[in-house]
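All values derive from a computational prediction rather than experimental measurement. We count ligands from 1, going down the list as the structure has it; atoms in each ligand are counted the same way.
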Amino acid sequence: MIFLGPPGSGKGTQAAKLAESLTIPHISTGEILRQAITEKTELGQQAQAYVEKGELVPDELLLGLIQERLKQPDSAKGWILDGFPRTVAQASFLDALLEELADSYTFVVNLAVPDTVLIERLMQRGRQDDTKETISRRLQVYIDQTAPVLDYYGQKGTLNHIDGNQPMDTVTAALTAVVTPG
Ligand code: ADP
């Protein structure tokens, strides 16, 4: 499953919940990067400046990592990707990778939330990369580079839109309905 949505849309929270109830790995590139930054690993040191500015981390740092993660045995029975793909180039990389691994995704969901609500939520969250400047840069990067990913999956006919501007449990129920057969 692929989770799309702007920063602050709640995709991290919802992806974690859904992954837990489906007992499949929740693969969040943002989490992986934040942990690497905290642990000051080589990846963390290389990614830090980008994350702090609200810019995308270069593909060289992330593509190999996604490849390795999807090859792990626990990914065999399913996974939720959160924060990846974030560009059309990453989306086509993912398609090629999945074909190579004889794997695929069943659902692509987009959590839609109006900009004004996103800004409010991000200001309240107060994560380290949630400063006023970074927030507006991340929203702009989303509009420029990530929104086209919606068209990419929309054209394939695999995109599900979920209204993310609802109470958390309502969003969880809507997502659960998408992945529940029948
Ligand atoms: P949010 O969606 O709230 O911005 P994330 O946790 O998804 O938060 O991402 C935090 C930061 O990590 C991004 O602003 C970006 O710098 C980096 N990042 C995460 N995923 C990717 C990706 N797929 N490609 C490039 N950079 C990424």
Side-chain angles (χ1 to χ4, degrees), residues 1-19 25-70 75 79-98 105 108-153 161-162 164-165 168 171 175:
M1 181 160 182
I2 296 171
F3 253 72
L4 303 171
S9 59
K11 66 184 165 17
T13 310
Q14 296 293 343
K17 273 194 180 187
L18 203 61
H26 169 211
I27 305 172
S28 159
T29 45
E31 278 301 320
I32 292 170
L33 291 169
R34 277 188 291 280
Q35 194 179 342
I37 290 169
T38 305
E39 291 173 359
K40 297 190 164 50
T41 64
E42 188 163 343
L43 168 68
Q45 290 178 14
Q46 288 176 329
Q48 185 162 16
Y50 297 97
V51 173
E52 283 175 354
K53 277 187 272 184
E55 299 294 339
L56 294 184
V57 164
D59 281 353
E60 303 89 88
L61 298 182
L62 272 184
L63 300 188
L65 193 145
I66 289 290
Q67 180 165 10
E68 286 315 307
R69 187 63 191 85
L70 291 177
S75 296
W79 36 259
I80 296 182
L81 269 183
D82 158 18
F84 191 95
R86 236 179 174 89
T87 62
V88 170
Q90 290 181 358
S92 58
F93 166 85
L94 181 63
D95 275 344
L97 172 64
L98 292 174
Y105 45 84
V108 184
V109 294
N110 177 49
L111 279 185
V113 175
D115 279 1
T116 48
V117 177
L118 293 175
I119 294 167
E120 230 170 81
R121 286 185 184 179
L122 291 166
M123 292 300 290
Q124 277 177 7
R125 186 168 71 176
R127 205 172 67 193
Q128 211 154 23
D129 58 337
D130 288 338
T131 65
K132 216 171 180 179
E133 298 73 38
T134 316
I135 289 169
S136 66
R137 183 60 195 145
R138 272 161 45 221
L139 289 174
Q140 194 58 48
V141 167
Y142 175 82
I143 293 165
D144 294 342
Q145 303 193 55
T146 309
V149 176
L150 295 178
D151 298 328
Y152 180 91
Y153 291 113
H161 286 283
I162 306 270
N165 191 21
M168 214 147 79
V171 177
L175 284 165

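- A donor-acceptor pair shorter than 3.5 Å can be found between the side chains of Y152 and D95.
- Nearest heavy-atom pair, L175 versus Q14, reported as atom, atom and distance to 0.1 Å: CD1-CB, 3.5 Å.
- Using modelled atom types and a 3.5 Å distance limit, the side chains of Q35 and E39 yield a donor-acceptor pair.
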As a test of reading the model: which N/O atoms of the protein lie under 3.5 Å from N/O atoms of ligand 1, and at what distance?
| unit_1 | atom_1 | unit_2 | atom_2 | d |
| --- | --- | --- | --- | --- |
| ligand 1 | 2 (O) | K11 | NZ | 3.0 |
| ligand 1 | 2 (O) | R86 | NH2 | 3.1 |
| ligand 1 | 3 (O) | R125 | NH2 | 3.3 |
| ligand 1 | 3 (O) | R138 | NH2 | 3.3 |
| ligand 1 | 4 (O) | R86 | NH2 | 3.3 |
| ligand 1 | 4 (O) | R138 | NE | 3.0 |
| ligand 1 | 4 (O) | R138 | NH2 | 3.4 |
| ligand 1 | 6 (O) | R34 | NH1 | 2.9 |
| ligand 1 | 6 (O) | R34 | NH2 | 3.0 |
| ligand 1 | 7 (O) | R86 | NH1 | 3.2 |
| ligand 1 | 7 (O) | R86 | NH2 | 3.2 |
| ligand 1 | 8 (O) | R127 | NH2 | 3.2 |
| ligand 1 | 9 (O) | R86 | NH2 | 3.3 |
| ligand 1 | 16 (O) | E55 | O | 2.6 |
| ligand 1 | 20 (N) | T29 | OG1 | 2.8 |
| ligand 1 | 20 (N) | G83 | O | 3.3 |
| ligand 1 | 20 (N) | R86 | NH1 | 3.1 |
| ligand 1 | 23 (N) | G83 | O | 2.9 |
| ligand 1 | 23 (N) | Q90 | OE1 | 3.0 |
| ligand 1 | 24 (N) | Q90 | NE2 | 3.0 |
| ligand 1 | 26 (N) | V57 | N | 3.0 |

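- Between D130 and R138 there is a salt bridge, since at least one side-chain N of the basic residue sits less than 4.0 Å from a carboxylate O of the acidic one.
- Heavy-atom minimum distance, A91 versus V149: CB-CG1, 4.5 Å.
- Among all heavy-atom pairs drawn from V108 and L4, the shortest one is CG1-CD1, 3.6 Å.
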